[in-house]
Amino acid sequence: MPDYHPQDLDRKWQAHWAEHQTFEVTEDPSKPKFYCLEMFAYPSGHAHVGHVRNYIIGDVVARLKRLQGFNVLHPFGWDAFGLPAENAAIQSGIHPETSTLGNIAHMKGQLQRLGISYAWARELTTCLPDYYRWNQWLFIRMFERGLAYRRRSTVNWCPVDNTVLANEQVVDGACWRCGTVVEQKDLEQWFFRITAYADDLLGSTDGLAQWPEKVLTMQRNWIGRSDGARVTYPLADLPGGIDVFTTRIDTIFGATFVLLGPEHPLVQTFADLADDPNRFREQVSRFRGQDRSARISGEVEKEGFFTGQFAINAFTNERVPIWVANFVLGEYGTGAVMGVPFGDQRDFEFARKYNLPIRAVIRPAEGRTPDVDAMSEALPDEGVLVNSGGYDGVPSAEARRRLTAEAEARGIGEGTVQFRLKDWGISRQRYWGTPIPMIHCPQCGVVPVPDDQLPVELPKVAQFSGRGDSPLASVPEFVNVTCPMCGGAARRETDTMDTFVDSSWYFYRFADAHNDQKPFEPGKVAYWCPVDFYSGGVEHAILHLIYSRFFARVFRDLGMVDHSEPFTHLLTQGMVLKDGAVMSKSKGNVVDPDTMLRKVGADALRLYVMFVAPPEKEVEWTDTGLDGSYRWLGRVWRIAEQWREEAVSASGHRQPAAAIDHGALSPDERAIRRKTHDTIRRVTQDVDVRQQMNTAVSAMMELVNDLYAFTEKGARTAQAGMVAAEAIESLVVMLSPFAPHTAEEIWERYGHVGGLAKAAWPTFDPDVARAETIVVPVQVNGKVRGRISVEPGATDAEMEALALADPAVRPYLKDREVTKVVIAKGRLVSMVVR
RNA sequence: GCGAAAGUGGCGGAACUGGCAGACGCGCCGGACUUAGGAUCCGGUAGCCGCAAGGCUAUGGGGGUUCGACUCCCCCCUUUCGCACCA
């Protein structure tokens, strides 16, 4: 018997797959398609097992689906633009392209050594012009439709990375990448109008039945829809008014003041009219400085000051004071709110602090109007209106409808919807990204680069100073252009796009990766997309996954794709921890896949990562667990070798099951067949339906254990050989998604030609899988007292009779009265005695 | 503070619609085979009591529903992850 040498098998079969292009595919309308995708990789240099876990999960699914007869697209690519390469270039002087392409070559080798079944012919790299030109093409389409626009705005600025961050990239007031506290800065920026799709993106989340609820919740919260009303408070002593947004117009009779955020435009007007304009402005700029970053370090105290101006509450006709408050957000709603201290905790604290009036306007449906002086906190609950003019006695919900209608009728407001989601700022003052294909002409304004001049290539030479200005601005031959409209001298846009643009549509490009006429042929995308199975880390639950859903809608509205949701089934895999911590170079706890490959081969690593826990769970890496998987593969190898001769000769290596006369088998042979077919049932269910790879592996381990016992005690007849061959061949096919190299080798040694690419996933015979007799526990007063053996089809009466007659049970029934018998068919008999 | 998920042996985990808790693996203990084994094969392994048959206790804690609860309901504790002045 040859020994098990996994490293040799890795080399042999990886070469075989490459030579035969086993995993390359074309559209084939005669076969059902399956698009299996893992989030592509940022080429940081080295893959660690945490990354690799994701690719193995996807590979198990892809290989399963191939065996099930699907035409499987399983591609891979590189999210190759981004700051780390540019930052490294500032330090090392090595050009980002050089380092990035080098990293890609290395990591590609790592993935190939793991035997991941990618269609490498479709590999894409976002930093190459044949990819990013289509970012530019799409940008122009979006510009033409008003979905890309430019405006001056206060942006999140990371002073370390020297660039703008999208709201989604600000985590706890700090840069998501380097953790530096984010500053606010006013800049001319390009935006994508994702808010145009806010309602669509939100509403469609209900249809994403195969997404984790956690991710959907996060997206819903992020989009943050609020239904309410915009109401105008006319200024008492000046022309104009203040619009506020409220979700509780039913409390408007309790609005005893109006609050402006420090960013509100009227603040400047009021400052000019103030008794002490300088002091006014000082306080405003102090509030603005507090903003985001200050708030993260615990609660910032609520404070404000009176502007000296009044507004009119159009429902009470009262003059209410206008204050500036530090807790009112300039960017949300109208940047102003009505102060209802009775129902809003923030307003309550504010009113108590500054002695502003509090008026009770809601009472509980059953109960009395609360005593305002006795309140220690706001009462936000709904109820019935009081002290509310003609609306007294009206329930909150109804009052909101009627008050909104009245506001609309009087022309002082309207029902409206607010979203927390904001437009996506995509300008980056950096080099290593897609150039924004726009030209600034003194005559014509902002003009897109004509399509036939795309791509706007990144110039190879650039200074990596790390200063805050765009590096491209220092390349005159890039900047100085002629205007495509008037032919006059003009300047090229020197900002680049956020790299999240690259990853928002790459999954479509895989369907037609080398098209040099358009981003993709719609027919090809219509065949392959949407992605049937998408896996990656939860850290992308908001950013990447919401942007991709946005882009899918943009392509849909361009008439290029026929669906709205790009990913049908999403799996968020857990992280791999070492010593209780996330792997990172700085912690020195990185597990390098190459080391493991040298030690135990690709299959043991793959198997271990799948066996250790369900895919969504975090796992703690242990070397001993890896050794266990290696040992088990050796066990599979040896049991297969033990039956090889019988299997090859007895079956003629085709359909061994067909030659088996089940009724003529010995009890042991029938038992191992039953185990074989039940294992097929379990593994299929676990891998295909539940994605519980760990229990699929344990089911296969049980079968192997039984096979050893069978081999130990059974006679080696031709009949036994057929039964064993059926078991082992089924096992090998089911194992092949997890341990493809070992499985291919055994398959070949069993006489099969053409590799597992020609094999089919095994099917089970329910009659064989079903046990001939089942052992059913008998409970007396909730405790198991005996066991009876029954046939699967036994009736309740038969089961009850057997249970009552069981010698182990009878002592517990002696001198007692059986008051109740419950029978769970085929599962258990339960008796209550007194 | 709000929201979500999760708490099961020494460890990772299993238990699918409420039906034998601890599958499978790691680790540990023992045996066989061996010059040897850190290879391989076989067996044992939740805790407590008992020579044994067997019994009792156990799924974070406390209640409840049920013939029967890891699973359903209520309260509490802990952990993890999101969001965090969104009017």
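Keep in mind it's a predicted model, so treat the numbers as computed, not measured. A, B, ... follow the sequence lines: proteins, then strands. Residue 1 opens every chain.
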Range-with-range stems of RNA chain B (Watson-Crick or G-U pairs under 3.5 Å, three or more in a row): B:1-7 with B:77-83, B:10-12 with B:24-26, B:27-32 with B:40-45, B:46-49 with B:54-57, B:60-64 with B:72-76
Within the 6.0 Å centroid threshold, strictly below: A:Trp632 and A:Tyr608: no
Sugar-phosphate, base or nothing in reach of A:Arg635, heavy atoms under 4.0 Å: sugar-phosphate
Chi-based syn or anti call at B:G9, which uses purine or pyrimidine torsion atoms and a 90° bound: syn
Distance between C1' atoms of B:A36 and B:U57 (Å, rounded): 46 Å
Atom-pair distance (CH2 on A:Trp632; P on B:U40), nearest Å: 15 Å
d(CD, A:Glu331; P, B:C85) in whole Å: 10 Å
Any A:Lys214 side-chain N or O less than 4.0 Å from OP1/OP2 of B:A4: no
Sugar-phosphate only, base, or nothing, as touched by A:Asn694 at under 4.0 Å among non-hydrogen atoms: sugar-phosphate
Side-chain ion pair, A:Arg770 and A:Glu791, N-O less than 4.0 Å: no
Touch class at under 4.0 angstrom, heavy-atom based, for A:Phe419 against every strand present: nothing
Phosphate OP1/OP2 of B:G25 contacted by A:Asn705 side-chain N/O (<4.0 Å): yes
A:Ser226 side-chain N/O to B:A87 phosphate OP1/OP2 under 4.0 Å: yes
Side-chain N or O of A:Arg827 closer than 4.0 Å to phosphate OP1/OP2 of B:G68: no
Aromatic ring proximity, centroids under 6.0 angstrom, A:Trp323 and A:Phe350: yes
Sugar-phosphate, base or nothing in reach of A:Val821, heavy atoms under 4.0 Å: nothing
Sugar-phosphate only, base, or nothing, as touched by A:Phe342 at under 4.0 Å among non-hydrogen atoms: nothing
Ion pair check, A:Lys675 and A:Asp678, cut-off under 4.0 Å: no
Integer angstrom distance from the P of B:C72 to that of B:A6: 9 Å
Phosphate OP1/OP2 of B:U57 contacted by A:Lys783 side-chain N/O (<4.0 Å): yes
Touch class at under 4.0 angstrom, heavy-atom based, for A:Gly628 against every strand present: sugar-phosphate
A:Phe257-A:Tyr354 aromatic ring centre distance below 6.0 Å: no
Residues A:Asp206, A:Arg220: salt bridge by 4.0 Å N-O rule: yes
Nearest heavy atoms of A:Thr205 and A:Arg549, plus distance in Å: CG2-NH1, 3.7 Å
A:Lys617 NZ - B:A6 C1' separation (whole Å): 8 Å
Pairing residues for A:Asp243 by the side chain to side chain contact (heavy atoms under 4.5 Å, CB included) criterion, not counting sequence neighbours: A:Arg230, A:Thr232, A:Thr334
Proximity to the side chain of A:Arg631 - top-ranked nucleotide from B:C41, B:C81, B:C26: B:C26
Closest listed nucleotide, where the reference is the side chain of A:Pro777 and the choices are B:C20, B:C24, B:C81: B:C20
Minimum-distance nucleotide to A:Val822 side chain [options: B:C41, B:C67, B:C26]: B:C67
Rounded interatomic separation in angstrom, taking CG from A:Leu329 and C1' from B:A84: 11 Å
Whole-Å gap separating P (B:G38) and OH (A:Tyr630): 16 Å
Sugar-phosphate, base or nothing in reach of A:Gln685, heavy atoms under 4.0 Å: nothing
Whole-Å gap separating P (B:C81) and CG (A:Leu577): 10 Å
Between B:C2 (C1') and A:Arg346 (CZ): distance, integer Å: 13 Å
Pairwise P distance for B:C48 and B:A15, with rounding to whole Å: 28 Å
Touch class at under 4.0 angstrom, heavy-atom based, for A:Glu702 against every strand present: sugar-phosphate
Any donor-acceptor N/O pair under 3.5 Å between B:C67 base and A:Ser830 side chain: yes
Atom CZ of A:Arg716: over 12 foreign heavy atoms under 6.0 Å: yes
Sugar-phosphate, base or nothing in reach of A:Arg785, heavy atoms under 4.0 Å: sugar-phosphate
